[in-house]
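What follows is a single structure, written as structure tokens, with notes after it.
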2 protein chains.
Amino acid sequence: MAADPLSRVFAALGDPTRRDMVARLTLGDATVNELAAPYDISLQAVSKHVRVLEDAGLVSRSRSAQRRPVHLEAEVFDLMTKWLERYRRAAEERYRRLDDVLAALPDDAHPEGGARP
Amino acid sequence: MAADPLSRVFAALGDPTRRDMVARLTLGDATVNELAAPYDISLQAVSKHVRVLEDAGLVSRSRSAQRRPVHLEAEVFDLMTKWLERYRRAAEERYRRLDDVLAALPDDAHPEGGARP
DNA sequence: TGCGTACGCAACCAAACGGTTGACAACGGC
DNA sequence: GCCGTTGTCAACCGTTTGGTTGCGTACGCA
């Protein structure tokens with residue numbers, strides 16, 4: 001299937017239902033039934049969603065009796081944060097450099113092709 | 001099609017090729033041809049990828065002559081960072097609370113079902 | 001004016017995705 | 001030992017997605 005973990009994480013969070021479930025899980029562990037409650041989709045569909053989140057490493061499941069509580073895993077968030085931070089910083093850096101360039105321009109040199117109106 | 005911006009952003013970044021393009025764009029704007037160079041897929045496929053990134057608000061395209069340089073947009077990163085930070089903090093909070101609970105336990109109360117080994 | 005370059009649009013295709021229903025396994029309680 | 005609860009597995013279905021090819025358009029240049 002999908003290779004790298006990062007792709008799985010991003011893809012998993014691309015679905016609003018799954019993001020919603022993550023939000024719910026920050027309040028505490030929950031069973032599949034509890035997770036399914038707010039939605040009018042089948043239990044199996046919810047189970048599938050949980051599996052996608054699990055494959056992405058976003059949640060883990062222990063088992064206590066026949067219940068299988070879903071637990072939010074924090075580490076992957078760090079992975080994403082690291083990725084994001086890297087590119088956010090690069091983008092900012094580019095802005096800063098652009099500012100420098102603009103500041104260094106002689107004021108008669110105003111090309112009409114300003115990219116950002 | 002897809003409703004909320006956040007879903008589009010996450011979904012867009014779920015594809016490794018598109019994440020790669022974002023990485024490339026942090027080095028500076030690029031044309032579709034330049035973006036396509038490293039991959040052995042058709043130019044049209046690359047064009048499609050760029051369109052997905054554009055719909056997600058991750059890039060913008062100006063036009064200078066027949067060239068249509070792709071430019072990385074920083075704002076959406078902030079949107080993601082905000083989302084991420086919220087849940088990262090919530091997850092950490094949960095850990096902290098768990099630590100408190102464990103610390104408050106009488107030392108003869110050791111249930112065998114420790115979720116996190 | 002015609003030509004080459006850069007790119008988008010449309011149609012198509014196979015694979016993946018989100019959802020369904022039906023059957024079935026695992027476990028606690030009576 | 002049986003029953004209800006909890007949840008997964010498997011097969012199927014319509015839509016989306018990533019890729020292709022072919023054609024068309026916009027523009028700079030000779």
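- The base of dG18(C) lies outside donor-acceptor range of the side chain of Gln44(A), with no N or O pair under 3.5 Å.
- Between His49(A) and dG19(C) there is a side-chain N or O to OP1 or OP2 distance below 4.0 Å.
- We find that CD of Glu34(A) is positioned 11 Å from C1' of dT6(D), with the value rounded to whole Å.
- Between Leu84(B) atom CG and Met80(A) atom CE the span is 4.5 Å, to the nearest 0.5 Å.
- Residue-to-nucleotide proximity on DNA chain D shows that, of Arg51(A) and Leu43(B), the 5′-proximal contact is made by Arg51(A).
- The ring-ring contact (aromatic ring centres under 6.0 Å, His included) check on Phe77(B) picks up nothing, with sequence neighbours excluded.
- Under 4.0 angstrom from either OP1 or OP2 of dG18(D) there lies at least one side-chain N or O belonging to Arg18(B).
- The side chain of Arg61(B) sits closest to dG8(C) out of dG8(C), dG18(D), dG18(C).
- When rounded to the nearest whole Å, the span between CZ of Arg67(B) and P of dG8(C) equals 13 Å.
- With Arg24(A) contributing its side chain and Glu34(A) its backbone, the two residues share a donor-acceptor pair below 3.5 Å.
- Residue Asn33(B) places at least one side-chain N or O under 4.0 Å from the OP1 or OP2 atom of dC7(C).
- Taking every side-chain heavy atom of Ile41(A) into account, dT20(C) is the closest of dT20(C), dG18(D), dG18(C).
- Summarising the geometry, the separation between CZ on Phe10(B) and P on dT16(D) is reported as 22 Å, rounded to the nearest angstrom.
- Side-chain atoms of Arg68(B) never come within 3.5 Å of backbone atoms of Arg61(B) as a donor-acceptor pair (strictly under, hydrogens ignored).
- An OP1 or OP2 oxygen of dG8(C) is reached within less than 4.0 angstrom by a side-chain nitrogen or oxygen of Ser47(B).
- When rounded to the nearest whole Å, the span between CG of Asp15(A) and P of dG19(C) equals 6 Å.
- The existence of a salt bridge linking Arg19(A) and Asp4(B) is confirmed by a sub-4.0 Å separation between a basic side-chain nitrogen and an acidic carboxylate oxygen.
- We find that CZ of Arg63(A) is positioned 10 Å from P of dA26(C), with the value rounded to whole Å.
- Side-chain nitrogen and oxygen atoms of Ser42(B) include none within less than 4.0 Å of the OP1 or OP2 phosphate oxygen of dG19(D).
- Closest to the side chain of Val32(B), from the set dC7(C), dG18(D), dG18(C), is dC7(C).
- Here the nucleotide nearest the side chain of Lys48(B), chosen from dA11(C), dG8(C), dG18(C), is dA11(C).
- Distance, Arg68(B) CZ to dT5(C) C1': 12 Å, rounded to whole Å.
- Summarising the geometry, the separation between CZ on Arg8(B) and P on dT16(D) is reported as 13 Å, rounded to the nearest angstrom.
- The side chain of Ala45(A) lies closest to dG19(C) when the candidates are dG8(C), dA6(C), dG19(C).
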